[in-house]
Amino acid sequence: MAEIPKSYDPQGVEQRWYEQWLAAGCFKGKVDTSRESFAVMIPPPNVTGVLHMGHLLNNTLQDIMIRRARQEGKSALWLPGTDHAGIATQSRVEKELRQKEGKTRHDLGREKFIKVASEWRDKHGGIILSQLQKLGASCDWDRKVHTLDEGYSQAVLQAFVTLYERGYVYRGKRMVNWCPVSQTGLSDEEVIMKPTQGSLFKMRYEVVEQPGTFLEISTTRPETIPGDVAVAVNPEDSRYQHLIGKHVWRPFPRAQIPIVGDAAVEKDFGTGVLKVTPAHDRTDFEIGKRHNLTVLDVMNPDGTMNADAGPLAGLERFKARSAAAKLLEELGALVKIEPYENTVGYSERADVPIEPRLSEQWFIHYPKIEEAKRAVTSGMIKFHPERWTKTYLHWLDNIQDWCVSRQLWWGHRIPVWYRKGSDRNEAKNRHVSLQPPSDPANWEQDNDVLDTWASSWLWCLATIGWRKPGETTDELKHWYPTGALATGPDIIFLWVARMIIAGLELHGPEKKTLTDDEIRARIPFKRVYFNGIIRDKLGRKMSKSLGNSPEPLDLIAKFGADGLRFGLLSIAPKGQDILFDEDRVSQGRNFCNKIWNAARFRQMSGPMFDNSSITSIVQRINPAQLDDDDSAILHGLIGLSQATAHQLDEHEFTAYAQGLYAYFWGDFCDWYVEASKVRLADPALRDHCLAVQDLVLRQFLLLLHPVAPFITEELWHLLGYGKENEFIQNQNPSDGSDLNNAFLTASVKLDVSKVADVALLREFVAEVRATKSQANQATKRDSIITVIPKDAKAKTLLTHNRDKLGRLAGLSEMQFAESSGDRPGTVCQLGTVILEQSGTIDVAAEKIRLSKELEKIEKAVVAGEAKLSNETFVSKAPANILDGARKQLAEATAKRDEIVRMLKTLN
RNA sequence: GGGGGUAUAGCUCAGUUGGUUAGAGCGCCUGAUUGACAUUCAGGAGGUCGAUGGUUCAAGUCCAUCUACUCCCA
């Protein structure tokens, strides 16, 4: 076996293993019905996206789940893919077109534009996925899916057609969120509300029937005045109710408009008078409908004012706003302008304020809402952390129909044809199908495409072959529902909820309502893990413009993929936002190096023996030589295995990382390995001790593998645990029961009480070290101590471990005495320790130290006495708590008495 | 306006059915280093667990109110 280099160098190791894994087909998902299935579908990154910190964490989590599943022998599949990202991609391509060729998409025409966009996607779209390989992502790359793939597209269109046939899809003229830059409608979920500094314009409109009487009206959008068709007041409002039915003069273009009474007007808001602009405001549109008002659109799709805007015609909307203010002033209709902050909806992609705009759109009325709720409330789908359930239910309770048409070219073109020259709103004039009509000359296809989310909501279905309700594939039968979904809580509505609805409605034959069993069969995943959003050190979102996002590939190069993965995991609190700090990730790299060196130490400590199985290692353990530390560390190993199994099941990833870290570094390296150095020097004990180390390392590597795949695979082979062409990914760590069985078979009896004994010894060593440090003896390896043991048992324990203690605490001699005489010492649970020193004691310093300690212990004594003298406590507390309290008080009292005694000797 | 979340050491965070003297990493201070590892080792300082009240033998943990910050939805 090759000698292990001094420090861990991830670069070579990572590349070498990743290539071998790929070559051996390690990540291939195979339909194997004899095994339990476990699938994870990657949240498909946008083809326009670049790898960022969020992806690193999100994909690390998925990789952990899938690798653990593989270890457990499940038939695992992690399916990768990308999302065509309608608006984002189209904007990018149009921008390039404009910059490079000075052309718009209309210059190219639909077909040519799509071709250009496809080329752009092919060039840029795969970058993220290849970057994920550097992270170690074990996706089945041969199954990569893109939402515009032929088969996937078919599924998307079929879903639309099916929902149409089932009556869930309708076309209507509705208020939509219009993005004047992308020139398309948006769903509510794509609109970001932002507090925006603006102005509130106070104006007055003269009452036609009562010249000289004015109504004062406030608005933030005076540019829409030409679109005013009424003013509204609350019919209950005594100030204005007598005016209902009369008219006011709209200032420009000057016209009479009615005063209507409508309960939607808040009496207490502003002046209590509302200008009604049905074409440009949702509430106004509703009021307009109730009062049969005309809808007067004064704006073009690109955000400029149209001919109906009178004096404002042709102006861009924000220019029109100031022009309108000026005009009002000239007309004497402006009362005042005051600064005003309100919340304005912005287009997520273009980052400009959206316009409420009336247009013909396609809508989906969500089916299976009731079942979607039940799936989560009754635990058929489990959310981690659970609290997101509330958010999810809240959304479903207030759900609005989904505007799914987008006025774009890049995407799935809506499979609807209209009879030329006919009324499109009449069903008989429509042809809704995957196939064009047989007489195409008489029809024209809808120009719009579907919202990108109307394709990705089928992700768990269409990636493994769903093409039509009721039809299925082997993959679907095997892997659906998938095991888990890992994603950010920011897309709980956009994606997670919709996937659930899509699965419930479309997987399987048409059903009006579903039973629990049917829900179980139709849900897209059984668990959802919401990972936190990674922010910078100051809590700001990572963004390009702030330049606060580290380059993921640089981080991988700097810390190693394993180090980065472990570091991210250990700082990612469950479902909470994560403040990213590079220093904290270095902990992961350091841990890898520590593991590396522990393996190196093992290799240097003695020859390697047969490490090929648990049994072969356990056979080398000599039950007669099993000492306190062996028992404790092996017992801990079983505990760690159990804890890991539980934590991974429950998606407690942080606890998983911390548990591994504490055991390996704290228990194994700092204590066990250090202590074992004594035995390793003794030829009679060495091989037994090495066997224990081999067993610990083996099991630890198995447990660590999901989060740190590279280093564990490397050491697995370097330490002889696996044969060539076998991989650690196929080795089951189990929950420790296999270790227990092996011990049983080999008559290795672990004494659980040794765990407590070792804890006492560790406290003892820590106290001695501290005492030495205070006496400036820390460097010396030859300190002499005298111990007054607490009792016979303590003395035995100390005597048995004399050599180890000597090494760990740096002692040349440990002698026992009956009493300390009048000399000061340190009190610990096993007894009082007196450090023999040549120099004189710093009496003053010693007094301060002891007084401080006394103060602390006195508190414990007082608290303990109070507790135990409380009769209700004694009668009500359970026996073990009572026992513990008594024991604790006895110990504290003894310690206090000892300290008091020592303080006296100093006087 | 509605609904979440968070508040524990200087910083970032653990602390899962209430039960010993509340933990970790980083940072800071002191010291160590000739054979696993300075990406290391040992020690130390540092906390009335946001505030108030309640339930309980027992509260960081449960309940109520409040304060601050934060996210989502209107």
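Below, chain A is the first sequence line, B the second, and so on; all start at residue 1.
- Residues meeting the side chain to side chain donor-acceptor pair (under 3.5 Å) test with A:D735, sequence neighbours left out: A:S737.
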Can you check each nucleotide of nucleotides 39-44 of chain B against protein heavy atoms at under 4.0 Å and return B for base, S for sugar-phosphate only, - for none, in 5' to 3' order?
-> BSSSS-
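- Between A:R589 and A:D562 there is no salt bridge, since no side-chain nitrogen of the basic residue lies less than 4.0 Å from a carboxylate oxygen of the acidic one.
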Considering only nitrogen or oxygen atoms on both sides, find all protein atoms under 3.5 Å from nucleotides 55-58 of chain B and state each distance.
residue : atom : partner : partner atom : Å
B:C57   : OP1  : A:K876  : NZ           : 2.1
B:C57   : O2'  : A:N870  : ND2          : 3.1

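- Side-chain contact check for A:Y721 versus A:L715: every heavy-atom pair is 4.5 Å or farther apart.
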Check nucleotides 45-49 of chain B for protein N or O atoms closer than 3.5 Å to its own N or O atoms and list the pairs.
none

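- With sequence neighbours excluded, no residue satisfies side chain to side chain contact (heavy atoms under 4.5 Å, CB included) with A:D649.
- Between the side chain of A:K772 and the base of B:A32, no donor-acceptor pair under 3.5 Å is found.
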Sub-3.5 Å pairs of nitrogen or oxygen atoms, protein against nucleotides 1-10 of chain B:
residue : atom : partner : partner atom : Å
B:G5    : O2'  : A:Q576  : OE1          : 3.0

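- Partners of A:D281 by side chain to side chain donor-acceptor pair (under 3.5 Å), not counting sequence neighbours, listed by chain and number: A:T283.
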With a cut-off of 3.5 Å and sequence neighbours excluded, list every side-chain donor-acceptor pair involving residues 872-881 of chain A.
residue : atom : partner : partner atom : Å
A:T872  : OG1  : A:N870  : OD1          : 2.5
A:S875  : OG   : A:E871  : O            : 3.0
A:S875  : OG   : A:T872  : O            : 3.2

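- For residues 756-767 of chain A, the pairs satisfying side chain to side chain donor-acceptor pair (under 3.5 Å) are A:D667-A:R762, with sequence neighbours left out.
- Looking at residues two or more places apart in sequence or on another chain, you find a side chain to side chain donor-acceptor pair (under 3.5 Å) between A:D351 and A:K194.
- Under the side chain to side chain donor-acceptor pair (under 3.5 Å) criterion, A:N593 pairs with no residue at all, not counting sequence neighbours.
- Evaluation of the side chain to side chain contact (heavy atoms under 4.5 Å, CB included) rule for A:R807 yields A:E674, A:K677, A:V678 as partners, not counting sequence neighbours.
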